[in-house]
Amino acid sequence: MSRRIILKATAAGALALATSTYMQAALAADTIKVGILHSLSGTMAISETSLKDVALMTIAEINAKGGVLGKKLEAVVVDPASNWPLFAEKARQLVAQDKVAVVFGCWTSVSRKSVLPVFKELNSLLFYPVQYEGEELEKNVFYTGAAPNQQAIPAVEYLMSKDGGGARRFVLLGTDYVYPRTTNKILRAFLKSKGVKDSDISEVYTPFGHADYQTIVANIKKFSTGGKTAVISTINGDSNVPFYKELGNAGLKATDVPVVAFSVGEEELRGIDTKPLLGHLAAWNYFESVKNPVNAAFIKQWKAYAVAQKLPNAGSVVTNDPMEATYVGIHMWAQAVEKAKSTDTDKVIAAMAGQSVKAPSGFTLTMDPTNHHLHKPVMIGEIKADGQFNVVWKTKEPIRAQPWSPYIKGNEGKQKL
């Protein structure tokens, strides 16, 4: 082959490569990349997979209406596999390598704590959609789930009330990581302020993926003989299935010892025979069973999406609180980008202040201008035989979040960024 032909071939190859690179760059410039950071395998997949799917549904909805700033949103999905250090690696990949404008993700607080340094270092945005323990306020995070005063405290107040059964003894049962331990630290301080003695509080933790609750449930039964008792459950992930099964096996009914859960919703109950669990409780800011036009449209959209995408068990999909928080968060971010006329992190943060969305909960949720948390209603629901919840109590208006609990010493004056 002559030198001239080789040179021509090399030049043609270089031109093709340059053209391909240019076209890829042009194509990328025509979309806004959005990161989805949820466990699709491992112990948390039972809860997080639906959040990935509802995020994709919401992105498709926004794209069908013209996208954001005239550009389509492009989802970049990764699986951190319920592996907490891997969350940080995947977050860095999304922001530094994939160049996403924002990330929607995490469930457990340990996963959120794992990724925080990445978002701060790279000055990127995380929208976190799950109730949590508070004691945190970060410029680079918007918290669309509940703070303790929007879930944990009202739930315990309800259990202590006449309507809630008048509980005076409490079992604080959780998965062994930061969210349950910090929430229970707050609840201990709250219960102490209400005159509950330390001897009337039992605190028990199990590892992620724990499956044998026979001894624990037997001990709860024994503890309950000392007076009117309730269980506050901060068990996370697939451990909820064996815990609730053991409650049923032991014949521990809600009329004897009510359990209020902070991490169990409609999705987790899909895999459980709920008949023995009638009357046990969950505290959230949204339930699928609430009746209003926005929720009816949200449920219809989700069920149609599940069928169209051939999701597993598409015919029986349900909505839940973190799904609603994901849906609201993505719409709120899109509104803020439109207002800022930019995806620049600092401009979007400024534009997020005061953003509001008419939510499936039936309330208009507003992003607080000073603490990056939503004003949310609080609802307490009883488990029904069909795996849905009957709302037995709710606030009349959305409640402003207190990220730093007033029951923890030294938190005075810490409620703003």
Side-chain angles (χ1 to χ4, degrees), residues 17-42 44-45 48-64 66-108 110-130 138-142 144 309 326-327 329-338 340-349 351-352:
L17 181 63
T19 303
S20 171
T21 305
Y22 173 79
M23 286 175 71
Q24 284 176 359
L27 186 64
D30 287 339
T31 64
I32 297 172
K33 288 187 175 181
V34 171
I36 311 294
L37 182 67
H38 282 301
S39 294
L40 310 179
S41 55
M44 290 309 301
E48 293 193 64
T49 301
S50 61
L51 300 195
K52 177 266 293 183
D53 290 324
V54 84
L56 293 177
M57 179 195 81
T58 311
I59 287 166
E61 177 193 341
I62 291 169
N63 283 342
V68 178
L69 298 179
K71 297 180 179 183
K72 293 292 174 74
L73 300 181
E74 179 187 345
V76 182
V77 179
V78 295
D79 176 17
S82 307
N83 178 326
W84 318 133
L86 190 56
F87 265 86
E89 288 179 37
K90 293 292 186 183
R92 186 172 294 278
Q93 174 195 318
L94 286 170
V95 178
Q97 187 178 312
D98 297 317
K99 306 293 184 188
V100 300
V102 63
V103 174
F104 298 92
C106 300
W107 179 296
T108 67
V110 68
S111 66
R112 189 191 70 256
K113 295 284 190 186
S114 173
V115 304
L116 273 180
V118 176
F119 286 93
K120 289 164 77 171
E121 177 197 336
L122 302 176
N123 194 30
S124 189
L125 275 181
L126 170 69
F127 276 69
Y128 178 64
V130 186
E138 295 288 347
K139 171 199 161 196
N140 295 90
V141 183
F142 284 95
T144 57
Q309 298 297 316
T326 297
Y327 181 79
I330 295 174
H331 277 290
M332 209 168 261
W333 169 81
Q335 288 174 190
V337 171
E338 291 284 2
K341 296 182 173 56
S342 171
T343 58
D344 175 80
T345 295
D346 293 328
K347 289 178 182 176
V348 174
I349 288 172
M352 277 293 295

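Predicted model, so just to flag it, every value in this text is computed and none were measured.
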Exercise for review: Tell me, please, which residues at least two apart from Glu89 pass side-chain contact (heavy atoms from CB on, under 4.5 Å).
Suggested key: Leu86

Check your understanding: What pairs with Glu121 under side-chain contact (heavy atoms from CB on, under 4.5 Å), at least two apart in sequence or on another chain?
Key -> Arg92

**Study point:** By side-chain contact (heavy atoms from CB on, under 4.5 Å) - contacts of Asp344 (at least two apart)
**Key:** Ser342, Asp346, Lys347

Review point. Can you check whether Val68 reaches Leu73 side chain to side chain, under 4.5 Å on heavy atoms?
Key: yes

Review point. Under 4.5 Å between any side-chain heavy atoms of Phe87 and Ser39, yes or no?
Key: yes

Exercise for review: Could you check if a side-chain atom of Ile32 sits within less than 4.5 angstrom of a side-chain atom of Lys72, using non-hydrogen atoms only?
Suggested key: no

Practice item. Under the side-chain hydrogen bond (donor to acceptor under 3.5 Å, both in side chains) rule, collect the residues that match up with Ser111, sequence neighbours excluded. Key: Thr108

Check your understanding: What pair of heavy atoms forms the shortest contact from Ala101 to Thr343, and how long is it?
Key -> CB-CB, 3.9 Å

**Study point:** Side chains of Glu48 and Leu40 in contact at under 4.5 Å (non-hydrogen atoms)
**Key:** no

Exercise for review: Verify whether one side chain among Asp79 and Ser41 offers a donor that lies under 3.5 Å from an acceptor in the other.
Suggested key: yes

Check your understanding: How would you list, by chain and number, every residue that makes a side-chain contact (heavy atoms from CB on, under 4.5 Å) with Lys99, sequence neighbours excluded?
Key -> none

Check your understanding: What heavy-atom pair brings Ser114 and Pro85 nearest, and what distance separates the two atoms?
Key -> OG-CA, 4.0 Å

Review point. With Lys52, which residues qualify under salt bridge (Lys or Arg N to Asp or Glu O under 4.0 Å), at least two apart?
Key: none

**Study point:** Closest contact, heavy atoms only, Asn140 versus Ser124
**Key:** ND2-O, 3.0 Å

Exercise for review: In sequence, state the C-alpha distance, the side-chain angles, and the governing distance for Arg112 and Leu126, and then conclude on side chain to side chain contact (heavy atoms under 4.5 Å, CB included).
Suggested key: CA-CA 9 Å; Arg112 189 191 70 256; Leu126 170 69; 4.2 Å; yes

Review point. How about His331 and Glu61: do any of their side-chain heavy atoms sit closer than 4.5 Å?
Key: yes

Review point. So, do Val102 and Val337 sit near enough that their side-chain heavy atoms are less than 4.5 Å apart?
Key: no

Review point. Does any non-hydrogen side-chain atom of Phe119 lie less than 4.5 Å from one of Val95?
Key: yes

Exercise for review: Could you check if a side-chain atom of Leu125 sits within less than 4.5 angstrom of a side-chain atom of Ile349, using non-hydrogen atoms only?
Suggested key: yes

**Study point:** Distance (rounded to the nearest 0.5 Å) between Lys113 NZ and Glu138 CD
**Key:** 7.5 Å

Point to revise | Parallel, tilted or perpendicular, as decided by the 30° and 60° cut-offs, for the rings of Phe104 and Phe127 | key: tilted

Practice item. List the atom of Ala88, the atom of Val118, and the distance in Å for their closest heavy-atom pair. Key: O-CG2, 3.8 Å

